[in-house]
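Working notes, structure below.
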2 protein chains.
Amino acid sequence: MASPFEHPVEHPLKLDPATVKFPRDRDWSGKPRAEQTRLGLMKAAAAEIYEKGYNAAALSDILQRAGATKGALYHHFADKKALALAAMDHFIRLDLWEIWLEPFRASDDPVLTLRNLIIFLNTTGVIDKGLKHGCPVVNLTEEMGVQDEDFRTLIDEVNTEWRKVLVASLKRGQAAGNVRPDIDCDGTAMLILAIRHGVISYKKTSSDPDVMAKLAGAVFEFLESLRPGERAATNVH
Amino acid sequence: MASPFEHPVEHPLKLDPATVKFPRDRDWSGKPRAEQTRLGLMKAAAAEIYEKGYNAAALSDILQRAGATKGALYHHFADKKALALAAMDHFIRLDLWEIWLEPFRASDDPVLTLRNLIIFLNTTGVIDKGLKHGCPVVNLTEEMGVQDEDFRTLIDEVNTEWRKVLVASLKRGQAAGNVRPDIDCDGTAMLILAIRHGVISYKKTSSDPDVMAKLAGAVFEFLESLRPGERAATNVH
DNA sequence: TGCAATACAGACCGAACGGTCTGTTGTCAA
DNA sequence: TTGACAACAGACCGTTCGGTCTGTATTGCA
């Protein structure tokens, strides 16, 4: 089977592989010392939580990674949970949305945008290298979504805004004739997020080296089914 | 919007709502004492791990739930991980597969079977009441899929067998004219599992009361796109 | 019945964790 | 220069957890 990633399309993603910051490697050297400490703690916390999960991420490891101490931590944050909430909120909005929301904000062809985004993430190696521990939002959903109301609220807000952007893009797509007019945009947007979630999770445990190619093929089939009219010749090459 | 659950079809699920054991409430009173202890420990472990996750499930809570002691636990199992692996393997194969695999083993119309299974799970209240903590396999995937190789292997084996049953059913569906002949059964089966995974996770954190109805509508749309018909695909690579 | 071997019971232990508290350093305005 | 407060530094504490170990009850077989 040919790779579904083989035929990328010139895309309007407004994402430059050279400048996209992934993972979180921003520079704060210009900021005041206290804020550097605070941001460093959040950065280390986000990384540790991403790699190990909230409960397994020990404060000692976070502090070592940040080059800080208990005194600094509890000066800036009330407790571990406050640090985690601040860190996740900050980096989800900074890193994840830059990649996963911006391309859709002005798109009237979400099927093409999503397809190209997937190809972009694959060709830039994000899927292979950067997805070893899954997606931060997905991980947080699974670990803390039920156990803690504050984390649940954060995730719910993120998903809601995410869904709204997709719904708006789907509706523009319907108006532009790029998306079937009879689909439920709200449910379809939810399903797209759910598929993203499920695919990332499936990849985490699968030992099949072709798992992403097979899944991408099926996902692209699904995306094409959202286009209006006959399915003939809608799969741009 | 009409509920997508409104029009159930007479289904060949071979699942009787009255006899399906969900959650795990089997009776082992006939078994020898030692085996009752062992099964009781596994049952309690599965429940605690399902509700709190592996790391957060304390041995003290498992023991209290099982009415057993440390001595009994470490007589039957090497450590916490061995208990967890045995418990998850046992109950995934016992409870989950009875519901999620058996209906597909003889079906040549997986689209209908899956649709009816979703409706069945909804009308019997499993989705509303029994899904508060998500799905055991999904939870285990997220928490332990990357952290521990033994858990990863267990999940991978479960998903592989699961996928094989779906693939066989899809192929029978193609032979019987119920499924589009051009789809990649392997990728589609993976995607179905990924969608199941993603939908369950999405529901866990969403505060939208209609989330399942909206998602089910979109899922049913996707399933119908797998049927042959005028929307024949030309998405060939 | 007696004797192993199995099947527990539960006190105990060391490690790790989140959080506290006291002391020290840096910063900036008066 | 100095006082006041922010910004740390790090020893310390109580709790919890997984795991061990010794002792006791139950069971199956000779």
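Chain letters run A, B, ... following the sequence lines, proteins first and then strands; every chain starts at 1.
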Residues 54-66 of chain A vs side chain to side chain donor-acceptor pair (under 3.5 Å), sequence neighbours excluded, gives A:Glu48-A:Arg65, A:Glu51-A:Arg65, A:Lys52-A:Asp61, A:Asn55-A:Glu143
Comparing B:Gly71 with B:Lys80, nearest DNA chain D nucleotide closer to 5' gives the residue B:Lys80
Check the side chains of A:Lys204 and A:Asn139 for a donor-acceptor pair under 3.5 angstrom, ignoring hydrogens and angles. yes
Annotated structure of DNA chain D as dot-bracket, pair cut-off 3.5 Å, Watson-Crick or G-U only, | for inter-strand, is ||||||||||||||||||||||||||||||
Next on the checklist: Below the 4.0 Å mark, does C:dG18 have OP1 or OP2 next to a side-chain nitrogen or oxygen of A:Ser60?
Outcome noted: no
Among the nucleotides C:dC8, C:dG19, D:dG18, whichever has the atom closest to the side chain of B:Thr69 is C:dC8
Contact class for A:Ala78 vs. all strands (heavy atom < 4.0 Å): base, sugar-phosphate, or nothing?
nothing
Checklist entry - Base, sugar-phosphate, or nothing for B:Ala57, non-hydrogen atoms under 4.0 angstrom? => result sugar-phosphate
note: B:Gln36, atom CD; C:dT6, atom P; distance rounded to Å ~ 20 Å
- Message: Please confirm whether the shortest side-chain N or O distance from A:His76 to OP1 or OP2 of D:dC8 is below 4.0 Å.
- Response: yes
For A:Lys171 and A:Cys185 the tightest heavy-atom approach is CG-SG, 3.7 Å
* **B:Trp97 six-ring face occupied by B:Arg105 cation (under 6.0 Å, within 45°)** => no
Requested in this report: Assign the ring pair A:Phe222 / B:Phe222 to parallel, tilted or perpendicular, where the plane angle (0 to 90°) is split at 30° and 60°.
Outcome: perpendicular
Here the distance between atom C1' of D:dG18 and atom CG of B:Asp148, to the nearest Å, is 15 Å
Rounded to whole Å, the OH-P distance (B:Tyr74 to C:dC13) equals 17 Å
When rounded to whole Å, the CG to P distance for the pair A:Leu73 and C:dT20 reads 12 Å
Of A:Asn55 and B:Ala72, the one whose closest nucleotide on DNA chain C sits nearer the 5' end is B:Ala72
Rounded to whole Å, CZ of B:Phe77 lies from C1' of D:dT20 at a distance of 18 Å
note: A:Lys81, atom NZ; C:dC17, atom C1'; distance rounded to Å ~ 18 Å
Shortest non-hydrogen pair, A:Ile62 vs A:Ala44, comes out as O-CB, 3.5 Å
Of all heavy-atom pairs linking A:Leu41 and A:Leu73, the shortest is CD1-CA, 3.8 Å
Between NZ of B:Lys70 and C1' of C:dC8 the distance, given in whole Å, is 14 Å
Taken to the nearest whole Å, NE2/A:His75 to P/C:dT24 is 19 Å
Problem - C:dC8 OP1/OP2 closer than 4.0 Å to side-chain N/O of B:Thr37 - result: yes
